[in-house]
Asker: 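What follows is a structure written as structure tokens; I'll ask about it next.
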Amino acid sequence: MAKKQSIDPFMEKLVSLCKRRGFIFQSSEIYGGLGSCWDYGPLGVELKNNVKRAWWEAMTHRRDDIEGLDAAILMHPKVWEASGHIAGFTDPLVDCKQCKHRFRADTIETEKCPDCGGELTEPRMFNLMFKTFMGPVEEESAVIYMRPETAQGIYVNFHNVLQPSRQKVPFGIAQIGKAFRNEITPGNFIFRTREFEQMEMQYFVNPAEDQKWFDYWKEQRWNWYLELGIRPEKLRWHEHGKGELAHYAKAAYDIEYEFSFGWKEIEGIHNRTDFDLTRHAEHSGKDMRYFDQEKNEKYLPYIIETSAGADRGTLVILADAYFEEEVKGETRVALRLSPKIAPIKAAVFPLVKKDGMPEVATKIYQDLKKHFKVFYDDGGAVGRRYRRMDEAGTPFCLTVDGQTLEDDTVTVRDRDSMEQTRHKIGELVELIGGKVG
Ligand code: GAP
């Protein structure tokens, strides 16, 4: 099931670290894997949750004008007629008659197969939506789709959210959830997969103010990546030209990140106009207009969409944090994750497993874990324990040693500088909590 994907040497190292440290594993690995599907292990799920939490807080908790939503993955099939996905969410495909490999016609430059030089078929359109059946009978009338974007769950709930929240335009609805696309050319680890999570926000605005809000959201979203510690020189804008624009968009800009495999889209900011609400009004027969009480008029708001991938965002964070250096003739590998999103905030070590050190270290661990995610490790030489935590991206390692038993201080080792300073046990919550919060 899993076609072997070729990846570059940097990505090979990253994938290997992710497996070794329990961030990300291939789905169904014991059966040979399932193409482009990945499972998040103990550290991966913490990291991705922290990315999602950072997004949710920035987009909802810290604002008054955006409400949250969690819509179902399965939606009425008419949604996808209205959205244009049944007619338009397609890629042109060609097959090699000789080696049977399949390609997206728009990504190959030759007329012969790039793999074996064989003859290619004429392009045919392939819809990217996964189909399944609702209920026990597998017939055409029971076909439903796995949503290819979370956005439509927001549009169909526009009035459901508007009424109880008593928001006024401009306001937004945010949602994090799974989306599915039967991608022809998935690959590069969790960059392009067939099952992935999106973090999408739809901002409803007066059509006369669309440009203002488009510019505003471009700036907000760019800054969000900087807040997560991404290096600014690794980010750039890409404006969609006429031929690239999705069927719903009047204008679109992607935030791109420079991966080892090139500059690639990590988030899209789109001006979707009133396309979606107009289409849902037409297909459902419901009035989707907004009533402006001050002006006593009804109109269809324009929508400015910010659409980010949680998995792709996690990959950006991992790739940007990966760091190697030579230390005493050995290669030290560390993930320089921002303490705010690091899966483990601090590790607690007894220097040795005797002289009462494990008891003190356990007590510190028990106290700290009430405040943030900590990890206790007494296995092997302390240098090895530091290295393991470097690879896990843990910003602080606290070691209980002989001096601790005399003056209630521990060493606090900084992941990036490797410097160690001594601090009172009673100050640790404040010292570390202030940096990871
Ligand atoms: N609602 C608009 C929309 O879905 P998109 O540009 O198709 O726009 C938005 O997707 C984001 O979703 C992308 O920037 C990317 O982060 C993520 N994404 C899309 N397809 C993906 C895939 N196959 N695997 C992982 N992430 C994907």
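For ligands, and for the atoms within them, numbers begin at 1 and follow the listed sequence. All values below were derived from every heavy atom in this structure, side-chain atoms included, with hydrogens, water molecules and symmetry-related copies excluded.
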Asker: Side-chain donor-acceptor pair under 3.5 Å between Asp215 and Gln211, yes or no?
Answerer: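 Yes - a donor-acceptor pair under 3.5 Å links their side chains.
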Asker: Judged by atom type as modelled, is there a donor-acceptor pair below 3.5 Å linking the side chain of His270 to the main-chain atoms of Arg272?
Answerer: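 No, the answer is negative, given that no donor and acceptor are paired below the 3.5 Å cut-off.
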Asker: Between Asp65 and Tyr203, is there a side-chain donor-acceptor contact under 3.5 Å, judged purely by atom types and distance?
Answerer: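 Per modelled atom types, Tyr203 and Asp65 side chains form a pair under 3.5 Å.
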Asker: Can Tyr40 and Asp311 be counted as having a side-chain donor-acceptor contact under 3.5 angstrom?
Answerer: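 Judged by distance alone, the side chains do pair up.
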Asker: Find all atoms of ligand 1 within a distance of less than 4.0 Å from any non-hydrogen atom belonging to Glu200, and give their numbers and elements.
Answerer: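 In order of numbering, the contacting atoms are 1 (N), 2 (C), 3 (C), 4 (O).
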Asker: Give a yes-or-no answer on whether the side chains of Thr306 and Glu200 include a donor-acceptor pair shorter than 3.5 Å.
Answerer: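 No, because no side-chain N or O of Thr306 sits under 3.5 Å from a partner of the opposite role on Glu200.
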Asker: Is ligand 1 under 4.0 Å from a heavy atom in the side chain of His270, in the backbone, in both, or in neither?
Answerer: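 Just the side chain.
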Asker: Regarding atom 17 (C) of ligand 1: of the candidates Gly187, Pro148, Ser307, Gly309, which has the closest heavy atom?
Answerer: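 Looking at heavy atoms only, Gly309 sits closest to atom 17 (C) of ligand 1.
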Asker: May I ask you to check whether Gln202 and Glu305 show a side-chain donor-acceptor distance below 3.5 Å?
Answerer: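 Note: Gln202 and Glu305 side chains meet the donor-acceptor criterion.
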Asker: Can you tell whether the side chains of Lys168 and Glu294 come within less than 4.0 Å, N to carboxylate O?
Answerer: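 So Lys168 does not pair with Glu294 through a salt bridge.
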Asker: What residue and heavy atom of the protein are closest to atom 19 (C) of ligand 1, and at what distance?
Answerer: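 Protein heavy atom with the smallest distance to atom 19 (C) of ligand 1: Arg181 NH1, 3.5 Å.
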Asker: With no hydrogens and no angle check, just 3.5 Å: does a side-chain donor-acceptor pair link His85 and Gln152?
Answerer: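 Per modelled atom types, His85 and Gln152 side chains form no pair under 3.5 Å.
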Asker: Of the protein's non-hydrogen atoms, which lies at the shortest distance from atom 10 (O) of ligand 1, and what is that distance?
Answerer: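 Result: Gln198 NE2, 3.6 Å.
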Asker: Please check: side-chain N/O of Asp287 versus main-chain N/O of Arg289, any donor-acceptor pairing under 3.5 Å?
Answerer: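 Answer holds: yes.
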Asker: Give me the nearest non-hydrogen protein atom to atom 18 (N) of ligand 1 as residue plus atom name, then the distance to 0.1 Å.
Answerer: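 Of every protein heavy atom, Phe196 CE1, 3.6 Å lies nearest to atom 18 (N) of ligand 1.
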Asker: Against ligand 1, does Arg272 come closer than 4.0 Å with any heavy atom?
Answerer: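 Yes, that is the case, since the closest heavy atom of the residue is under 4.0 Å from the ligand.
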Asker: Flag the pair Asp320 and Lys234 as a salt bridge only when some basic side-chain nitrogen lies within less than 4.0 angstrom of an acidic carboxylate oxygen.
Answerer: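 Salt bridge absent between Asp320 and Lys234.
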Asker: Would you say the side-chain atoms of Arg415 pair up with the backbone N or O of Leu335, donor to acceptor, closer than 3.5 Å?
Answerer: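 The answer is yes, because a donor-acceptor pair under 3.5 Å joins these two groups.
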Asker: With heavy atoms of Glu305 as the reference, note each atom of ligand 1 found under 4.0 Å away.
Answerer: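 Within the 4.0 Å cut-off of Glu305, ligand 1 contributes 1 (N), 2 (C).
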Asker: Could you tell me if any non-hydrogen atom of Tyr248 lies under 4.0 Å from any atom of ligand 1?
Answerer: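 Distance cut 4.0 Å: Tyr248 passes for ligand 1.
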Asker: Could you check atom 24 (N) of ligand 1 against the protein and tell me its nearest heavy-atom contact, residue, atom and distance included?
Answerer: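 Here the nearest protein heavy atom works out to Thr193 N, 3.0 Å.
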Asker: Any atoms of ligand 1 less than 4.0 Å from a non-hydrogen atom of Ile266? List them with their elements.
Answerer: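 Taking each heavy atom of Ile266 in turn, ligand 1 has 14 (O), 16 (O) under 4.0 Å.
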Asker: Atom 6 (O) of ligand 1: which protein heavy atom is closest, and how many Å away?
Answerer: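 For atom 6 (O) of ligand 1, the nearest protein heavy atom comes out as Glu265 OE2, 3.0 Å.
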Asker: Run the numbers for me: atoms of ligand 1, each under 4.0 Å from some heavy atom of Glu267, listed by number.
Answerer: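 Under 4.0 Å from Glu267, ligand 1 has these atoms: 14 (O).
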Asker: What atoms of ligand 1 come closer than 4.0 angstrom to any heavy atom of Glu149?
Answerer: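 Counting atoms of ligand 1 from 1, those under 4.0 Å from Glu149 are 1 (N), 2 (C), 3 (C), 4 (O).
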Asker: Looking only at protein heavy atoms, identify the closest one to atom 25 (C) of ligand 1 and say how far it is in Å.
Answerer: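 Ranked first by proximity to atom 25 (C) of ligand 1 is Phe191 O, 3.2 Å.
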Asker: Is any N or O atom of Ala151, backbone or side chain, closer than 3.5 Å to an N or O atom of ligand 1?
Answerer: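 No - when backbone and side-chain N and O of Ala151 are compared with those of ligand 1, no distance drops under 3.5 Å.
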Asker: Please could you name the atoms of ligand 1 that Glu183 approaches to less than 4.0 Å, counting only its heavy atoms?
Answerer: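 Close to Glu183: 20 (N), 22 (C), 23 (N).
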Asker: Taking both backbone and side-chain atoms of Arg192, is any N or O found less than 3.5 Å from an N or O belonging to ligand 1?
Answerer: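 Checking ligand 1 against Arg192, no N or O pair falls under 3.5 Å apart.
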